[in-house]
Amino acid sequence: MDVRRIGDASVLVSARGDIDLSTLAKATAALDDARAGATTLLLDLREVGFMDTSGLRLVIEERQRAASNGYRFAVVPGPRKVHRLFEIAGLAGDEELFVDPPPPAGGERA
Amino acid sequence: LSASAEDDRLALLASIDEIADGTVLLGETVARLLEFVVPDFADVATLDTISPEGVFRRIGSRVEGPGREELERALLKRRPIPDAPVGLPRALASAESQLIERMTENDLHAIAADESDFELLRALELRSAVFVPLRARGRTVGALACGVGTSGRQYGPDDLRFAEVLSGRLALALDNAGLSAAVTGLEQRLEATLTNLAEAVLVRDSGDRIVFANDAAARLLGLSSVDAITAATPEQLMALYDVYDERGRAVTLADLPSARAARGEAAHPLLVRNVIRATGEQRWLLHKSTPVFDADGSLSIVVSVIEDLTEVKRAELAQRLLAEAGQALSSSLDYGETLQRVARLAVPGLADWCAVLMRGDGDELEQVAVAHVDPEQSAQARKVGAEHPARLSHRTAAAQVIRTGRARLIAEVAELPDDPWAQIDGELLGFNRGVRMRSAIIVPLAVAGHAPIGALSLAMADSDRVFDEMDLALARELGHRAAIAVENARLYTERSLIATTLQRSLLPPELPDIRGLRLAGFYQAAGEQNDVGGDFYDVFEVPGGWMVLVGDVAGRGPEAAALTSLSRYTIRTAGKLLGDPVAALEQLNAALRERPGLSLVSVCCALVRNVDGDATASLVLAGHPPAFHVHDGIARPVGVFAPFLGAYESGEWRMVTVRLEPADQLVLYTDGVIDTVGEEDRFGEDRLAATLRGAPDAADAVARIKEALTHFARGPQVDDVAVIAVERVRAAGASPSEQGTVRVGLERERGGWS
């Protein structure tokens with residue numbers, strides 16, 4: 001998991017590899033770190049190869065936390081196999097939850 | 001039944017559930033239950049209870065239409081004759097419900113005790129009636145009788161079925177309202193309970209007499225014994241105290257909620273300052289009173305509960321903090337996480353710094369929590385704590401507190417020049433080297449009667465505040481509660497073995513025999529005993545068919561096992577009552593939403609009907625991958641995707657129905673199947689569909705999945721796996737006696753694919 005600040009109060013968490021029972025603790029910790037002071041928290045799933053329901057649970061929890069603590073949380077959709085899970089959970093049609101990817105890191109440095 | 005009438009009936013059931021939670025008293029429950037039944041479902045209804053010895057008691061009657069009150073009174077007095085061949089007595093004796101579609105004069109004669117009873121029954125103008133026994137906890141506890149006539153309605157078999165569902169709810173509502181207890185000696189049990197209650201309880205009768213008080217009441221009122229209360233009149237008792245309200249105005253006996261309730265007025269809780277005249281001892285007491293009415297509506301008793309809020313009034317802020325801490329402490333079994341949350345709660349309201357040290361195996365003290373308003377400072381302290389662990393043998397205040405078990409308040413750190421700990425800094429408290437502080441409190445983490453397991457430290461630094469005795473008392477309480485939470489977490493770990501056993505017992509021991517269908521299943525738990533997962537499956541009979549389901553609760557360990565238990569039994573009960581998978585899932589969703597935190601459960605639930613050679617399966621998904629329908633050797637996914645149960649207040653769970661032709665199979669599975677880790681990939685839905693292609697029967701379908709997973713899997717099994725396959729038996733030409741009931745056993749294995 002790679003945590004990157006974009007702009008003043010937006011944080012992008014880029015996940016890589018698998019999000020499942022065995023990596024859940026790491027993913028939880030990454031989100032915990034990223035959340036502090038953020039008004040917008042983005043979880044990028046583009047580089048995720050596999051996600052199971054424990055990952056989905058993480059997303060649902062984060063979303064509920066965002067709603068009650070007043071920050072925005074959104075997900076950059078992952079590959080078809082990962083997105084399938086959101087379909088199964090009846091979340092695929094949720095436009096509030098998904099966003100387009102932010103511009104690449106290079107733009108910030110320029 | 002039309003769609004809108006169906007809706008009305010569901011609404012009726014929902015209303016009954018609302019009062020079925022046991023918080024409403026029996027008399028009121030009965031009255032309200034009957035209000036729901038009449039006029040929506042019946043023009044006349046009566047409710048009877050029956051004791052284990054067979055003694056009837058009519059507890060309610062309701063009639064719609066002219067002459068209503070007189071008829072209700074007459075019905076309430078009416079005692080059914082015990083040996084009548086129709087009506088209530090028969091329903092009770094056979095424990096079977098009964099429908100009389102067209103009520104004749106002969107029926108009335110059979111039911112009536114004598115001529116005047118006959119006239120009463122005739123006055124009701126009944127056209128049809130249903131009589132349904134109420135069953136709770138495996139025994140007939142009463143009966144519901146409903147009749148229609150004056151409204152022009154007539155009952156049919158559908159109405160009888162509805163009345164049966166209704167009676168299930170009524171039985172539950174009555175049971176919750178304490179009916180069973182009432183029949184089997186409510187009073188003794190209640191008294192035993194009240195006597196041992198920590199809250200003070202007083203009961204006065206409809207007159208002016210205190211008929212019951214418990215020990216806690218005697219203690220709170222400063223009296224030597226319970227007898228001293230019950231021997232006195234309320235006036236005599238009141239004369240022992242000066243009583244004031246929150247604004248300091250004198251409170252008289254007539255102002256107390258118990259007196260208001262006895263007068264039939266609204267009895268709002270009243271907070272009073274109670275001063276015992278003899279000793280001057282002062283307490284803040286919250287009086288709460290509830291009137292209890294007899295079946296006929298007259299006042300029976302007034303129950304008063306008196307809460308001692310002295311501590312709360314003394315430190316309302318402290319109490320709030322403790323309440324929040326209590327929530328944090330009870331919400332997780334991971335005590336590291338729990339203690340960190342407690343530490344965070346303490347800053348900045350109570351202190352600038354909070355840290356928790358726990359004893360390790362040897363001399364080492366582990367810094368399990370540290371909090372400062374500035375997260376950077378906490379992170380720094382955490383780093384230092386990890387690099388330079390504190391030790392029990394060190395000459396620091398925290399180590400001293402853990403060794404001695406005695407809490408310490410250092411109001412002004414600077415004023416301790418001769419103290420060996422004068423060089424006070426963060427290390428002393430197990431925070432951070434170089435943190436200068438002004439004031440400090442260190443309390444042991446200890447459960448009564450045991451050596452301390454650690455210490456909780458609070459410090460004032462940047463804000464320049466100073467701690468006093470009140471803060472020390474609060475810190476002690478915080479330390480005590482934290483210690484209990486840690487002990488609980490440890491106990492839970494030990495109990496997880498029991499949880500495993502529990503989870504095994506939660507699975508049905510064998511798959512049932514179902515005529516015309518064959519079942520096969522496969523269950524394999526992942527990991528070791530201490531790592532209980534949460535897959536479950538169930539098969540049970542419901543009105544009109546069988547419910548077959550698999551589910552998965554998020555998380556692992558004893559919490560998951562508890563959630564599994566809740567899920568399985570809620571679906572079972574709701575499924576049996578309602579016979580509708582969607583309604584059953586909605587019930588579970590509601591139950592999950594009531595739990596603290598987020599409890600997510602995924603379920604795939606099918607209602608399988610097999611009537612007159614026409615078999616269907618109606619299937620609902622909630623956060624669950626699709627089931628597979630194997631027809632002509634091709635496996636197709638079935639189900640409409642929908643949210644997890646527990647995620648939202650409400651959801652749209654939709655049912656899809658497929659026809660099961662002879663030899664068709666429906667395969668339900670949990671995500672442990674498709675998430676199984678292989679060499680490069682997960683097993684996935686596509687491989688599962690391919691595996692099922694051409695499966696001739698349920699047993700073969702399950703065997704194929706098991707074999708495919710065994711070949712595919714690499715590494716240890718991470719998640720539980722549950723599979724259930726339902727097959728409609730190939731019946732062409734076979735006589736009914738040769739069909740079905742061929743049971744294929746359930747295989748259960750554990751741990752690992754190898």
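In what follows, every chain begins at residue 1, and chains take the letters A, B, ... in the order their sequences are listed. Both backbone and side-chain heavy atoms feed into the values below; hydrogens, waters and symmetry mates do not.
In this structure B:Phe683 satisfies the ring pair (Phe, Tyr, Trp, His ring centres under 6.0 Å) test together with B:Phe712, sequence neighbours excluded.
Contact residues of residues 78-90 of chain A toward chain B are A:Lys81, A:Arg84, A:Glu87, A:Ile88, A:Ala89, A:Gly90 (heavy-atom distance under 4.5 Å). Interface with chain B: from residues 42-53 of chain A, residues A:Phe50, A:Asp52, A:Thr53 qualify, criterion being any non-hydrogen pair under 4.5 Å.
Proximity to chain A (any heavy atom under 4.5 Å) is shown, for B:Asp675, by both the backbone and the side chain. Contacts of B:Glu685 with chain A are made by side-chain atoms alone, with heavy-atom separations under 4.5 Å and no backbone atom involved. In this structure, chain A has heavy atoms under 4.5 Å from both the backbone and the side chain of B:Leu598.
The CZ atom of A:Arg57 lies 12.0 Å from the OG atom of B:Ser602; values are rounded to the nearest 0.5 Å. With rounding to the nearest 0.5 Å, the separation of OG in A:Ser54 from CG in B:Leu600 is 11.5 Å.
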Can you give the donor-acceptor pairs under 3.5 Å from side chains of residues 637-650 of chain B to other protein atoms, not counting sequence neighbours?
residue: B:Tyr648; atom: OH; partner: A:Arg63; partner atom: NH1; Å: 3.3
residue: B:Glu649; atom: OE2; partner: B:Arg593; partner atom: NE; Å: 3.0
residue: B:Glu649; atom: OE2; partner: B:Arg593; partner atom: NH2; Å: 3.0

